[in-house]
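I have placed the structure first, in the form of structure tokens, so that the comments after it can refer back to it.
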Amino acid sequence: MIPQLFIHDLLGRVDIVDAIDRHVPLKKVGANFIACCPFHNEKTPSFTVSQTKQFYHCFGCGAHGNAINFLIDYSGLSFVEAVNDLAANVG
């Protein structure tokens with residue numbers, strides 16, 4: 001089991017924009033970043049990533065979460081695999 005403090009510290013060190021942009025190209029629009037949602041087909045971007053709040057949300061399908069949730073949903077990783085992936089990228 002991964003200690004909750006470790007997960008909290010990890011999410012504090014991870015930039016969700018970098019974590020998602022490795023898989024889905026993001027475009028900066030105002031304070032946020034947008035893309036077409038990777039979780040459903042769409043022609044107009046409704047997938048928003050907030051760098052300041054460190055979460056993503058799709059206004060089309062309702063997908064939302066943090067960097068760990070994204071890796072689980074997008075890459076099909078387990079929770080532990082997603083945590084390990086993010087930890088490896090931030091050292």
I'd like to know whether the aromatic ring centres of Phe59 and His57 sit less than 6.0 Å apart in this structure.
yes
Using the side-chain contact (heavy atoms from CB on, under 4.5 Å) rule, take Tyr56 and Tyr74 through it: C-alpha gap first, then chi angles, then the decisive distance, then the call.
CA-CA 12 Å; Tyr56 67 90; Tyr74 182 80; over 6 Å; no
Ion pair Arg22/Asp85, N-O distance below 4.0 Å:
yes
How long is the straight-line distance from [atom2] of [Y] back to [atom1] of [X], given to the nearest 0.5 Å?
{"X": "Ser78", "Y": "Leu71", "atom1": "OG", "atom2": "CG", "result": "10.5 Å"}
{"X": "Ile34", "Y": "Cys58", "atom1": "CD1", "atom2": "SG", "result": "11.5 Å"}
{"X": "Arg13", "Y": "Asp15", "atom1": "CZ", "atom2": "CG", "result": "13.0 Å"}
{"X": "Asp18", "Y": "Gln51", "atom1": "CG", "atom2": "CD", "result": "7.0 Å"}
{"X": "Leu77", "Y": "Ile72", "atom1": "CG", "atom2": "CD1", "result": "7.5 Å"}
{"X": "Ile68", "Y": "Asp73", "atom1": "CD1", "atom2": "CG", "result": "12.0 Å"}

Give the cluster check for [X] versus [Y]: same hydrophobic cluster or not, with ILVMFWY residues linked at side-chain heavy-atom distances below 4.5 Å.
{"X": "Val49", "Y": "Val24", "result": "yes"}
{"X": "Phe39", "Y": "Val17", "result": "yes"}
{"X": "Val80", "Y": "Leu86", "result": "yes"}

Tell me if a side-chain donor or acceptor on [X] pairs with a main-chain N or O of [Y] at a distance below 3.5 Å.
{"X": "Glu42", "Y": "Ser46", "value": "yes"}
{"X": "Asn32", "Y": "Thr48", "value": "no"}
{"X": "Gln54", "Y": "Ile16", "value": "yes"}

Take atom NZ in Lys28; do more than 12 heavy atoms of anything else shown fall under 6.0 Å from it?
yes
Would you call the rings of His23 and Phe70 parallel, tilted or perpendicular, taking 30° and 60° as the class edges?
tilted
Worked verdict on Ile20 versus Phe47 for side-chain contact (heavy atoms from CB on, under 4.5 Å):
CA-CA 11 Å; Ile20 293 177; Phe47 184 78; 4.0 Å; yes
Closest heavy-atom pair and its distance - Ala67, Ala19
CB-CB, 4.3 Å
Between Val83 and Phe6, is there a side-chain heavy-atom distance shorter than 4.5 Å?
yes
Going through the distances and angles, do Val14 and Asn89 end up as a side-chain contact (heavy atoms from CB on, under 4.5 Å)?
CA-CA 8 Å; Val14 168; Asn89 284 305; over 6 Å; no
